[in-house]
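The structure appears below as C-alpha cells.
All residue numbers refer to positions in the sequence shown, counting from 1. All ligand and atom numbering here is 1-based and tracks the order in the structure.
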Amino acid sequence: MTETPSDRAQVATDAESAFMTLSHDLRLEILLALWDAPGYSLSFSELRKAVGERDSGSFTYHLSKLEGHFVAKIDDGYELQYPGHRVLDAIQSGVFHEQVSVGPVQLDEDCRACGESLTFEYDTDSIARIRCPDCGNRALEWPFDPGGIADRDADATVAAFDRRTRLIWTCALDGVCPFCAGRIDPDLTDRVHEDGACIGVIEQLDRYEEYFADDHPVVVSVDCERCSFYSFLPAGVALLTRPAVTGRLHEAGIDVRGTPLWDLGFVVDSEAVTVEQRDPLRVEISVVDAEEPLAFTLDASVETVTEYT
Ligand SMILES: [Zn+2]
Ligand SMILES: [Zn+2]
C-alpha cells in the first residue's frame, strides 16, 4: 500500500481530531480512573465519582467524546480500550512532561580506548550518555525515556538502558519500527566517500558529527516509512540476533546478553568494522574480544551475516 499526499492529509486530520479528543483535563482523568479500576472498568456512577465531576451533563458530554475509541460502553459501565492504554503509556513514559537528570555514575566497565572507568549520565535532553571522563570517548549515546529512571536505583537504570536500547536497535534492524510498528528497510550506509565527504542523509545532519558512532566507516541507516523515527546503528548490532552467530560468539567466550552494549567491541569499536567491498557494499565485522580469531561479513541489506573464513 502506497500512501498518496491526500491519504497523508486525511491521516493528519484523523490524528488531529483524535488528539483534540484528549484536549480536556476531565477526559484524561476518565482514562486515568479506568486505568486504576479493577478490570479497567467502572460503572457510570463509579466513574463519575472517581473523577469528582459534579456536573452530570458535563461528565456525560466528555465521556461520550471518548466512547467508541478510547473507552467502550460495556454491559454495566465503561472499559478502557487499547488506544486508551496507549495514551496512558505515552504519558507514563515521561517524555512529554518530566525533566530528570542522573549522574554521572561510575560504571563497572572500562573505556575501551584508555582503560579508565566509564560513566553513565542522563540529562534533561532525554539522552543517556556512556562516556569516558578521562579521554572523552563516547562509548554509547541514545535517547531514553524518563520512565526508565523512576523507581530504579542507578545500577538498575543503567541495566534498563542497555536492555531497552538493545530491544529498539534489534527491532529496527529486523525491519519493524519499535515506536509505531511501521516498515523500516535497514540499509548499510557507507559513511564516507573516497574524497572524504559524508554522503546522503548523514551529510545533512549537523548533529551526526556528535553521534557516538561517528568514527565508524559504515553504519546501518534505519528510517521508518510511517513515523518520525530515524537513526544510524553500529553495523555490529546485526550480530546480536542470529542464533548461529550468537552461538559462535558464545563458543568464543563472548557473553552477548551479560555484556552491556558499550562493552561489546564488535558493536562500539570503529576498528571492528572494515569495508570489504563497495558496490554492492559488504563489510567485515571482527570480534576483537574473542578468544580465537573470529569475524563476520554483513551484506548491504543487513540480511545475511556469515562467518568470515
Ligand atoms: Zn577513555
Ligand atoms: Zn515508526
Exercise for the section: Report the residue from Ile285, Leu264, Val288, Asp289 that forms a side-chain contact (heavy atoms from CB on, under 4.5 Å) with Asp269. Expected result: Val288

Practice task
Report, rounded to 10°, the angle at the Zn ion (ligand 1) between the two atoms SG (Cys111) and SG (Cys132).
Solution key: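 Rounded to 10°, it measures 110°.
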
Problem - Cys114 SG and Cys135 SG subtending at the Zn ion (ligand 1) (10° steps) - result: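 For SG of Cys135 and SG of Cys114, the angle centred on the Zn ion (ligand 1) reads 120°.
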
Problem - Same apolar cluster (I L V M F W Y, side chains within < 4.5 Å links), Val275/Tyr308 - result: no

Practice task
Please work out whether the ring planes of Tyr122 and Phe120 are parallel, tilted or perpendicular, with thresholds of 30° and 60°.
Solution key: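 Ring orientation of Tyr122 relative to Phe120: parallel.
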
Problem - Metal-centred angle, SG of Cys227 through the Zn ion (ligand 2) to SG of Cys177, rounded to 10 degrees - result: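 Cys227 SG and Cys177 SG form an angle of 110° at the Zn ion (ligand 2).
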
Practice task
Please confirm whether His85 and Tyr40 have ring centers closer than 6.0 angstrom.
Solution key: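 Aromatic pair counts; centres sit under 6.0 Å.
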
